[in-house]
Each structure stands twice: as C-alpha cells, then as structure tokens.
Amino acid sequence: MTYEEYKKNVELLNKYAYHYYVLDDPIATDEEYDRLYKQVEEYEKEHPDKILKESPTQRVGDRVAEGFEKARHLSRMWSLEDVFNHQELVEWIERIKKIDSDISFYCEPKFDGASLNLIYENGELKMGITRGDGVEGENITQNVKTIQTIPLVIKETSLIEIRGEVVIEKEEFDRINEERLKNGESPFANPRNAAAGSLRQLDPRVTAKRNLVFLPYGVGVNSLDFEYLSDLMEYIYSLGFKKPPFRAKAKDADAIEVIYQKMKEERESYPMMLDGMVAKVNELQKHEELGYTVKYPRFMIAYKFPAVEKVTRLKNVILQVGRTGVVTPVAVLEPVEIEGAVVERATLHNFDEIERKDIRIGDYVIVLRSGDVIPKITKVLKERRDGSEKVVERPKSCPVCGSELLDEGALIKCQNLSCEARVVNSIIYFASKQCLNIDGLGEKIVEQLYKAGLVKSVLDLYSLTMEQLLRLEGFKEKKARNLLEAIEASKGSELWRFINALGIEHIGEVASKMLAQAFGLEYKNANEEELLALEGFGEEMAKSFLEFMRVNKETVLKLEAVIRPVPPTREETAAENPFKGKRVVLTGTMSRPRDEIKEMLEKFGAKVSSSVSKKTDYVIHGEDAGSKYDKAVALGVKTITEEEMREMLF
Ligand code: IVH
C-alpha cells in the first residue's frame, strides 16, 4: 500500500464507520470493514511515523489508567432548571419575555446519560472531560476516543468545546446486564448508571466494548457565528456528530406543548432513554442578554417527563421455570401505575442478586419501567423496614414438577428434562419468531396441546391431525386448519432457524447463523477445534454445543428428517469478493483443469455456466479461447484472463 492509498483507506474506513454508527445506515459489510482495517493496521506497523490522527486504529488504547486526572472546562458547564407541567412552562416563558418579548424556541430530547465536554483544537480531539462540578471534571480522553460516534478529527479548526450526552441504547443496556449477570456481577440499575460507569472505566478496552453513543446538545467556548441555535446545531451535526432522533422549532408555549406531547408519546420507540424535553431560546444573541442565575442558564428549560421510577411494596417472590430449567425469581408488587401502565411484576434476575441487594418480602422498593426495558427493582428502601419483612429463601425443589433443584450459585436449575415447564417453554421457544416462526402457536395453545396429551415434544407437532385439534376447546375448523398449515409451512425453513430452535444454551441467533454458514448441514458433526475457529465462538459456547449434540443427536436427526431445514447456498456463504453472485463462463486452456477452477469459483459464490449470454458478467479465458470468447466480445460482456481473475481474488 502506498501512502496515498493508506490515506484513502483511512478515509474510507471513517466513511464506513460514519454511515454505520452516526447515520445508522451501513454501506459496507463487517467483513469488508475488518479486511480494510487489518490492511491499514499492517501499513501502520511498517510506517509508524506516518500514522494519521484520524485513523480508526487510534481509537483503541490499551493502557490501563491508574486513575483519572482532573481537568478544567474552558467555560463552565451549567445545569438545567426543570419544569413539570404546562403551567410551569408558561411561567418560564412569561419570565423571559419580560426581558425580551421577541423570542422563539428550539426543542430537543433530554437524554438520560452522562454529560461530556469535548475540546477540539486545530480540528483535532484534544480532550474529553466529564461534567464534574461544572468547573472541573475528569480527563477521560482515552475512553472518549473509543466512542465511535465521536470524530477524532473535524473540519472546524478554531478552538471549540462540543458538549453532549453519552448514552447507552436500551438494547445495549439489556445486553450488558445479561453479560454482567452471567459473570456474577451486579447489573446496572438503569442506562444512565451504565453510561456513567462505562465512561469511567480505567481500562479503555472495557469502555470500547460498551457501544456508547454521544449526542451533542451544544457548545462551550467557540468562535462560531450563527444567529440561531438550530443552525449552529445543524453545523455541529455536519462535523460528523449524530443527530438526535427528533428536534423541532417552536414559536410559543402552545407549540412547545405539542412537541412535548409528541415526544412523550413516542419516547418508547426511541432507541435511548429520554427523561424529558429541553426547550431552548433559538436566538443566540438573546442567550447573552438573558444570562444565568447562580445555577442555571435562563434561556433554556428541561420539561421533564413523568417519572418512570416509583415506590411500591414487594408482596411476594414467585418462581418461574424456563425452557433450560433455570428457575428465575419474579417480584410480585403492590400494583403501581407508571407512565400509563400498571406494573405488578418485576424481574429479580437471580437469587444471588436478591441476596446481594438484601431484598425482603414486605420491603418498600423503587421500580423502574421504561419502554421495552422489563420493569426492575432498582433500590430497596431499607430505612422504611419495620421488622416484619421476610428473607427470601433459596428454593430446594422445582415449583412445577417438585424434583430436586441443582443450586449452582447464580443459577438454580430444574434437572428434570420432562418437567412440564421446561417442555412447554421449549415448544413455545421452538415456534417463536426468531426460531421456526410458527404462526398461531403461542403460549396458550402450546399449554393446551400439552395438557391434552397431544404434544409432549416438538416432534409431536408434526403428527398433529385435524381430528385431534377439533376435539379441543375453542378449535373450529378454520383455526385448526390454520395451525396445521403453519406447522407444515415451517418445513424447509432456513437452517439457522432450525439450529436456533433447538434452544442450545449460549447458542443464539448469531451463533446459529454462523454455524449454518460455516458448516451447512454438517454443523452437527463440527468438532471443538472447528467451533473455536469461528469468530466470537468461545469455549463455553463450544462446550455447550458439543454436549447438546452428544446427548441429543438422535432427536436432532429425527427432527431434521421431518423439517428438512435448508442450508445457505454457496452464494450466500461466500465472503465478499468480486465474483460473488456473478455469472461466469470459462473458456480456453487454463493453468489447471477447468473443473478445478470452476469448483474454486463456486466456492467464492460465482455461478459458473457453460454458455455465454447477455446476462454473463465475466468470460474468463485461458489460451486458445474460441467461439465463447468471440461471442462475449460481440455481446459486450467483460472478458478477463485467468491471470487477471487470480489478481482480483488474491
Ligand atoms: S443543554 C445548561 N440539552 O441534562 C446545561 N442538556 O439536567 C444543559 N442533557 O447536564 C445543557 N439532554 O448533561 C442540554 N438536549 C439537552 C440535554 C441535556 C440531556 C443533560 C445535560 C445536563 C443535564 C441537566
């Protein structure tokens, strides 16, 4: 790679990352990105003096810090004054209109995360500082650089502080907590704590894994010249920062209210948590005129959403048995209304967690509910105990089948493979959307089929008859026919769905896709070495997979014989390359037998045919190419030599 090519490749990598992380609109596959990244890395190893500041390799530090140094903000970071209803909003507007009546507003979501100040000088990210006390925070530059939505280099070269909120999106929050539980760590109470905790990691590699997102909301020191805040923010986004999912201008309190109500209604569909809306005076000139109180700027206000956390009482702890036999404690709460929904249950994760938090029956607790995040207990109010609270005992026997439980610490498991809860839940899982996607086979129906003795395993689904179904309560001909058709339609499903449906511990959707891609129908015979060679496949996953196949191979074969899952085609599995999915014709004498070359090209996902047509993408020719070559030329089909083909591939 020449230096010019290196520069181009760094630019390309940054473009891919910008589309992926900032625009949420990928334009390259992970594989393409990784391949190019490795090439750039190699060049940099050979030319350490030529490394560009904006190179993505410069994001990943590996120096574990001993602590964080203090650093001063160039200008103070303020707080926001809160209002909670329309009346308070109107009062705020009246107050500022007394000072200046000619104002309009700009509204943005109020993100629930950790605030961050970025200092750029000469277009380079110089420092990232936590808010701290507003005057001085902690220098967390190393960690900040790992955040993909923060550009390392921007086109604005004057000294500028860009401020915003670091958040963790809801899905990522759940993923991190699942992982923490698996490792025996305490889950984060909410995405805000998770974001703040991740930013303050001493090892930047930990921060890098947390997929933090930075959303800019303003500037500190700067020499920009804009009349309106809305234009200033558009300029900031144009420097490579992420836009908020929603923003709007408003001319008065009523317009602000409309935007607020809309945001409140839609908040659950946003990927990140919001705790309100911020209304800001749009005319920048007026910011100076309005000035600050001791704590707050007068030119903006946080219009908070109703709390998603409420206090209630823990009435009981019940037990649920999942398809893998894991017994999960569930909190039964005194019903409490949070944001329009009545919450009566909350997840307690596991018994170690109950002990760690010392949660007792009868306790007053704080419950958090937000959108798709399952309600959870974030805090126990121990000061409110009166002595009548009862310690939650670890169960010894399965609440469903009564057999003895295996207590592994964090996990407590029912070992009985034919425990009703395990069987029913594994059938429900088998039929679910991310598995065989059998329409109409939900929780209630599976339970009904099980109780009637018709289905004791997934295999039984495939021998259900019309007569059997018609004997069940609530089944008329149409419903029965639909169900039978849906079961029938699951035959011939994609192989990864089938593997996922087996419900092997630690083997989810992504791992199932990898297995299907790498081994096709031979997945069941993959050995440890082959499994570990797959990217991201750890020991635990391999062990679980091998053990499952050792015990259940017979059943898997029987299921396969009925369902006949379809492995991905070579075209689908081949890595990105110039011949993937292309129609190719070979002609002339080549360096190796043509069949061998055909086989190789097919492995790369090409369709090799024997006759040339307008649809042919390439005619690859060896020596003494004859009529096929002439036809290609006549039709304007691209012709390349065997040598050129090899160059394109290797
Ligand atoms: S404006 C004047 N805009 O909320 C200081 N802040 O409760 C506020 N926040 O510390 C800057 N979203 O970290 C602003 N769209 C937004 C915001 C936002 C979240 C945070 C910010 C601030 C805190 C105050």
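Sequence positions, counted from 1, serve as the residue numbers for this chain. Each ligand, and each atom within it, is numbered from 1 in the order the structure gives.
Residue Ala302 does not touch ligand 1, judged by heavy-atom distances below 4.0 Å.
Residues Leu314 and Ile359 meet the side-chain proximity criterion, which asks for heavy atoms closer than 4.5 Å. Residues His73 and Glu161 meet the side-chain proximity criterion, which asks for heavy atoms closer than 4.5 Å. Side-chain contact between Gln142 and Arg63: present, with at least one pair of heavy atoms (C-beta onward) separated by less than 4.5 Å.
Remark: aromatic rings of Tyr217 and Trp78 are distant, center separation not under 6.0 Å. For an aromatic pair to be called close, the ring centres must be under 6.0 Å apart, and Phe173 with Phe188 fails this.
Between Phe299 and Tyr292, the ring planes are perpendicular. Angles over 60° get that label, and only those under 30° would be called parallel.
Distances below 4.0 Å separate heavy atoms of Pro297 from the following atoms of ligand 1: 2 (C). Listed by number with element, the atoms of ligand 1 under 4.0 Å from a non-hydrogen atom of Glu108 are 3 (N), 15 (N), 16 (C). Every atom of ligand 1 with a heavy atom of Ser79 under 4.0 Å away is listed here by number and element: 2 (C).
Side-chain polar atoms of Glu69 and Asn139 form no donor-acceptor pair below 3.5 angstrom. Side-chain contact of Glu156 with Tyr235: a donor-acceptor pair under 3.5 Å is present, judged by distance alone. A donor-acceptor contact under 3.5 angstrom links the side chains of Gln434 and Ser432, judged on distance only.
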Would Glu41 and Lys38 count as a salt bridge (Lys or Arg N to Asp or Glu O under 4.0 Å) here? Give the steps. CA-CA 5 Å; Glu41 216 173 20; Lys38 282 206 185 94; over 6 Å; no
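Within the structure, ligand 1 lacks Met77 among the residues with a heavy atom less than 4.0 angstrom away. In this structure, Pro109 is part of the shell of residues with a heavy atom less than 4.0 angstrom from ligand 1. At a 4.0 Å cut-off, not a single heavy atom of Gly218 sits close enough to ligand 1 to count as contact.
In terms of protein heavy-atom proximity, atom 12 (N) of ligand 1 is closest to Phe111 N, 3.0 Å. Nearest protein heavy-atom contact of atom 13 (O) of ligand 1 is Glu165 OE1, 2.5 Å. Scanning the protein heavy atoms around atom 3 (N) of ligand 1, the nearest turns out to be Lys280 NZ, 3.0 Å. For atom 5 (C) of ligand 1, the closest non-hydrogen atom of the protein is Trp78 O, 3.2 Å.
Here atom 6 (N) of ligand 1 lies nearest to Tyr217 when heavy atoms of Tyr217, Tyr292, Tyr106 are compared. Among Val167, Val278, Leu80, the residue whose heavy atom lies closest to atom 16 (C) of ligand 1 is Val278. When the options Arg163, Met300, Lys110 are ranked by their closest heavy atom to atom 7 (O) of ligand 1, first place goes to Lys110.
Considering backbone and side-chain N/O of Ser115, one or more are found under 3.5 Å from N/O of ligand 1.
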